[in-house]
Amino acid sequence: MHHFFLFAAIFMALLIIFSLYRAVIGPTVLDRLIGVNAIGSKTTALLILTGLLYHRVEMFVDIALAYAMLNFVTVIAASRYFQKRKGLFDEIEGTQKEGDIS
Amino acid sequence: MVEQAKVSPQNRSYEQGTPSPSDVQPEKSRASRIITFVILFVIWLLLSGRFDLLHIGLGVASCFLVTLFSADLLLPSPDVMRLPGIWFRFIKYIPWLLYEVLAANIHVMYLVFHPRMMRLIDPRIMEFDSKLKSDISRVTLANSITLTPGTITIHISIYGHITFHAIDIESGKSLPLIMDARIADIFKE
Amino acid sequence: MNFMAVVFVLLGLLFFTGGAVGIIRMPDFYSRLHPAGKLDTMGLLMSMLGVALYTIQEFSLGEVLTGLKIMFIVVFVFITSPTATHAIVDAGVRAGLEPWTQDISREEP
């Protein structure tokens, strides 16, 4: 049973690397934000699995709850900050046409 | 009526909600304070996990302070008598919602793992008119639509006009209307 | 009980894999939100249900409280995840991102 949780945690870490691809490559800032959100929700599960591996679940549950709240606040604050057009298309100029600022 | 909309996001106008009269003059009844205190204290007991006198005393003190300041945040409606019926019907609504979310999850996972995914998906922006009136029922409807994979709520105007993004036509055609009817049945509107 | 925990954790890992593959393969910003926000939430529900079943095997007060806290995390994520997804899609619409659609000239498959 211990080995099963160990391999599940390793597989979850590999999935975090997959999500990190979108957070690094993603064309716009909001794509990176999606990647960061996916990494955060996977980390919440990974923290619980880590607690099972160390036999200290009752401590790691509080850390995971705090991490879930922090992830939510991060996404809300960053999406409120990046909701203007300026700066969003600077890295992919040429693929989007020019438009007025909505 | 669900129909395909050709709205461009540039010239979309956002209506700002006007405060309702219950927000301007908060109606702090005693029953809503007691319910808020009980909910907060149960969450305190769940999160602390220690049952000696010091921790329970600290919990009672802090829950009392929070209830004193923000009793009208959790239960803004002064009509407390309707609450047990709403909660009972809402708890009956949750298993149906979980089943629908699971079915839609399996559909989206089939789309994701399909080799010819780019031909199968057909993203579009749809809209329909909801008949819900109060804020809490609209929040429940928007969260239910967003929680179901395949549909994401973009905007709800103050007249109940809902705009959502659907990943293909089947997932956005009928399910939001059924959810609208069910939530109207929960809140008796 | 052990068997049920293993099955639920494996189902959760399957949903997590769908979310991770989906946000790589999907073509544009709006359709990437579908697997990112929701498949992760369902995977969290499944895997946390398995871990909670494994935790409450030795039946004592502390273990039951830990299982309840794990399910409290799931309830919290089920409330906040649609809100975060809506915040991201609202930022995208206000910034003026165009949704990707199927080509009109191509016939329906």
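Note on naming: letters A, B, ... go to the chains in the order of the sequence lines (proteins, then strands), and numbering restarts at 1 for each one. Note that the structure is a prediction, hence the values are computed from the model and not measured.
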Would you give the length of the straight line joining atom [atom1] of [X] to atom [atom2] of [Y], rounded to the nearest 0.5 angstrom?
X: Ile88(C); Y: Arg80(A); atom1: CD1; atom2: CZ; value: 10.5 Å
X: Ile76(A); Y: His86(C); atom1: CD1; atom2: NE2; value: 8.5 Å
X: Thr44(A); Y: Ile73(C); atom1: OG1; atom2: CD1; value: 7.5 Å
X: Leu13(C); Y: Lys42(A); atom1: CG; atom2: NZ; value: 10.5 Å
X: Asn37(A); Y: Ser81(C); atom1: CG; atom2: OG; value: 6.5 Å

Among Ile24(C), Asp28(C), Thr85(C), residue most engaged with chain A (heavy-atom pairs, under 4.5 Å):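 Of Ile24(C), Asp28(C), Thr85(C), Ile24(C) has the most heavy-atom pairs under 4.5 Å with chain A.
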When Ile70(C), Asp40(C), Thr55(C), Thr41(C) are compared by non-hydrogen pairs under 4.5 Å with chain A, the top option: Asp40(C)
Test log, rule side chain to side chain contact (heavy atoms under 4.5 Å, CB included), inputs Leu65(A) and Lys69(C): CA-CA 9 Å; Leu65(A) 186 57; Lys69(C) 268 192 217 173; over 6 Å; no
With heavy-atom distances below 4.5 Å as the criterion, would you say the side chains of [X] and [Y] are in contact?
X: Phe4(A); Y: Leu10(C); answer: yes
X: Ile23(C); Y: Phe18(A); answer: no
X: Val61(A); Y: Phe72(C); answer: no
X: Val77(C); Y: Phe72(A); answer: no

Contact summary for Ser19(A) and Ala20(C), nearest pair of heavy atoms: OG-CB, 4.2 Å
Nearest heavy-atom neighbours spanning Leu15(A) and Thr17(C): CD1-N, 3.7 Å
Residues Val9(C), Phe5(A); criterion side chain to side chain contact (heavy atoms under 4.5 Å, CB included); working and verdict: CA-CA 9 Å; Val9(C) 172; Phe5(A) 286 123; 4.2 Å; yes
Pick one of side chain, backbone, both or neither for [X], based on which atoms fall under 4.5 Å of a heavy atom in chain A.
X: Phe76(C); value: side chain
X: Leu44(C); value: side chain
X: Thr83(C); value: both
X: Val21(C); value: neither

CE (Met71(C)) with more than 12 external heavy atoms under 6.0 Å: yes
Residue Phe60(A) excluded, over 12 heavy atoms near CZ under 6.0 Å: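 Enclosed: over 12 neighbouring heavy atoms sit under 6.0 Å from CZ of Phe60(A).
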Ring centre gap for Phe11(A) and Phe16(C) strictly below 6.0 Å: no
Residue Asn71(A) versus chain C: region with a heavy atom under 4.5 Å: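 Answer is neither: Asn71(A) stays 4.5 Å or more from chain C.
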Heavy-atom proximity to chain C below 4.5 Å, by part of Leu49(A):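 The side chain, not the backbone.
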Criterion side chain to side chain contact (heavy atoms under 4.5 Å, CB included) on Leu30(A) and Arg32(C), from CA distance to verdict: CA-CA 11 Å; Leu30(A) 293 170; Arg32(C) 257 172 227 146; over 6 Å; no
